[in-house]
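Some notes on the structure that comes next.
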Amino acid sequence: MKIRKITLREIRMRLLAPFETSFGKSDLRRILLLEADVDGVTGWGESTAGENPFYCYETVETAWHILRDHAWPLVKDREFASAADVWDSLVPVRGHNMAKAALETAVWDAEAKQKNLPLAKLLGGSRQEIPCGVSIGIQPAMAALIEKVERELGAGYQRIKIKIKPGLDVAPVRALRQRFPKIPLMVDANSAYRLEDAPLLKQLDEFYLMMIEQPLGWDDIYSHAALQRQLETAICLDECIHDAQHARAAIELRACRIINMKLGRVGGHAPARRIHDLCESKSIPVWCGGMLESGIGRAHNIAMSSLANFSLPGDVSASRRYWEEDIIEPEVEVTPRGTIHVPNAPGIGYTPRLNRIESLTCRCEVLA
Ligand code: OSB
Ligand code: MG
């Protein structure tokens, strides 16, 4: 197969409500979509790079630049046996995994469509239904937090994750535990703490959380190992894990007991599968994280989550939690049991709504 043409697009979509993490607030999302023409069949991908370099160093601007000026020249005119080989051709570009993932995942969608297979099948997934949780942004008012959790539990979601930051950590967790003593609950700090904060983080042990996600530095596996030795609660790494080598280092150093997988952060389906398999061999469960994706990125997350070792509920939830109207048809829906059915249609299994995408597009560049 050859990638004949790619189209880069930036769309802007306003979230139904601003989403706050320890590194800032997101409201108007800028989303880079990539359409790949693979021998006449179109595949879609989404770069999860943000508006600002706060979650990681990538942004929509850097992803656009890397795709146009470096990734496209590496894959153009090249013959690929399958989408699984695209990742290797991008190795000369160091890092920039979110840019790479937009391209790599689009080619997977196209290959699955060429073979008339659901992407989940092509990836080797076995689940027909995936378990879902929600990620709730920082809520300065306790009443609002409790009300939000109540609503999500009512919708059926299987676990609740709340964002924490210094000053809004132990108190909200205590309040939630008093109100909901039994729910599967976890927190995500997005690197807001330092190892010296270990005594404070240790106070969270009292609340039998499923895990604490990424408490320390975004690239600091070593300090997480030191912290994990002091905590009973499992650490889950998100920001720190960029490839299978990082995953292996984190597991062998005992820096975490669980890994959050994000297609953008690891560079696409092939590297995600490699990390998934490694974790499985080490009995480390993984789950699919979210980056406030549009329906395209969400559809890829669902396909990836069909792999066997995605055994914990992910941050993959219904379109209607984020958007007035999504850009795919049908929208992603969650069952009253808190699951998403993995679609059986070819490729990502949801149809991009071209007119809507066109109307949201603020820039577009075709590379051929
Ligand atoms: O750390 O998981 C994270 C959103 C933006 C950046 C980082 C993270 C998140 C989320 C939201 O937690 C997950 C979602 O609902 O998409
Ligand atoms: Mg996280």
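Quantities reported herein were computed from a predicted structural model and do not represent experimental measurements. Just follow the structure's listing: the first ligand is 1, and inside any ligand the first atom is 1.
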- Query: Any N or O of Thr21 that comes nearer than 3.5 Å to an N or O of ligand 1?
  - Reply: no
- Task: Over 60° means perpendicular and under 30° means parallel, so classify the ring planes of Trp108 and His269, tilted if in between.
- Result: perpendicular
- Which N, O or S atoms belonging to the protein are less than 2.8 Å from the Mg ion (ligand 2)? Asp188 OD2, Glu213 OE2, Asp238 OD2
- Query: Quick check: does Ser317 get an N/O under 3.5 Å from an N/O on ligand 1?
  - Reply: no
- Which atoms form the tightest heavy-atom contact between Arg127 and Ser305, and what is the distance? CD-O, 3.4 Å
- Message: Can a side-chain donor-acceptor contact be found between Trp64 and Glu365 if the only test is distance below 3.5 angstrom?
- Response: yes
- Query: Would you say Asp238 and ligand 1 have an N/O pair spaced under 3.5 Å apart?
  - Reply: yes
- Task: Flag yes if Val187 and Leu312 sit in one hydrophobic cluster, no otherwise; membership is Ile, Leu, Val, Met, Phe, Trp, Tyr, and two members link when side-chain heavy atoms are under 4.5 Å apart.
- Result: no
- Grab the two heavy atoms, one from Gly347 and one from Asp109, that are nearest each other, plus how far apart they are. CA-OD1, 3.2 Å
- the protein heavy atom lying closest to atom 13 (C) of ligand 1 turns out to be Gly290 O, 3.4 Å
- In this structure, atom 1 (O) of ligand 1 is nearest to the protein heavy atom Asn190 ND2, 2.7 Å
- Would you mind finding which of Lys262, Arg29, Glu213 brings a heavy atom closest to atom 3 (C) of ligand 1? Lys262
- Query: Which protein non-hydrogen atom lies closest to atom 14 (C) of ligand 1, naming both residue and atom, and how far is it?
  - Reply: Tyr322 OH, 3.3 Å
- Task: Could you check atom 6 (C) of ligand 1 against the protein and tell me its nearest heavy-atom contact, residue, atom and distance included?
- Result: Met291 SD, 3.6 Å
- Query: Mind checking whether Arg321 has an N or O less than 3.5 Å away from an N or O of ligand 1?
  - Reply: no
- Query: Leu292 to ligand 1: N or O pair under 3.5 Å?
  - Reply: yes
- Would the His65 and His70 ring centres measure less than 6.0 Å apart? yes
- Message: Test your reading of the structure: does Glu239 have an N or O sitting under 3.5 Å from an N or O of ligand 1?
- Response: no
- Task: Using distance alone, decide if ligand 1 has a nitrogen or oxygen within less than 3.5 Å of any nitrogen or oxygen in Lys163.
- Result: yes
- Phe23, CZ: over 12 other non-hydrogen atoms inside 6.0 angstrom: yes
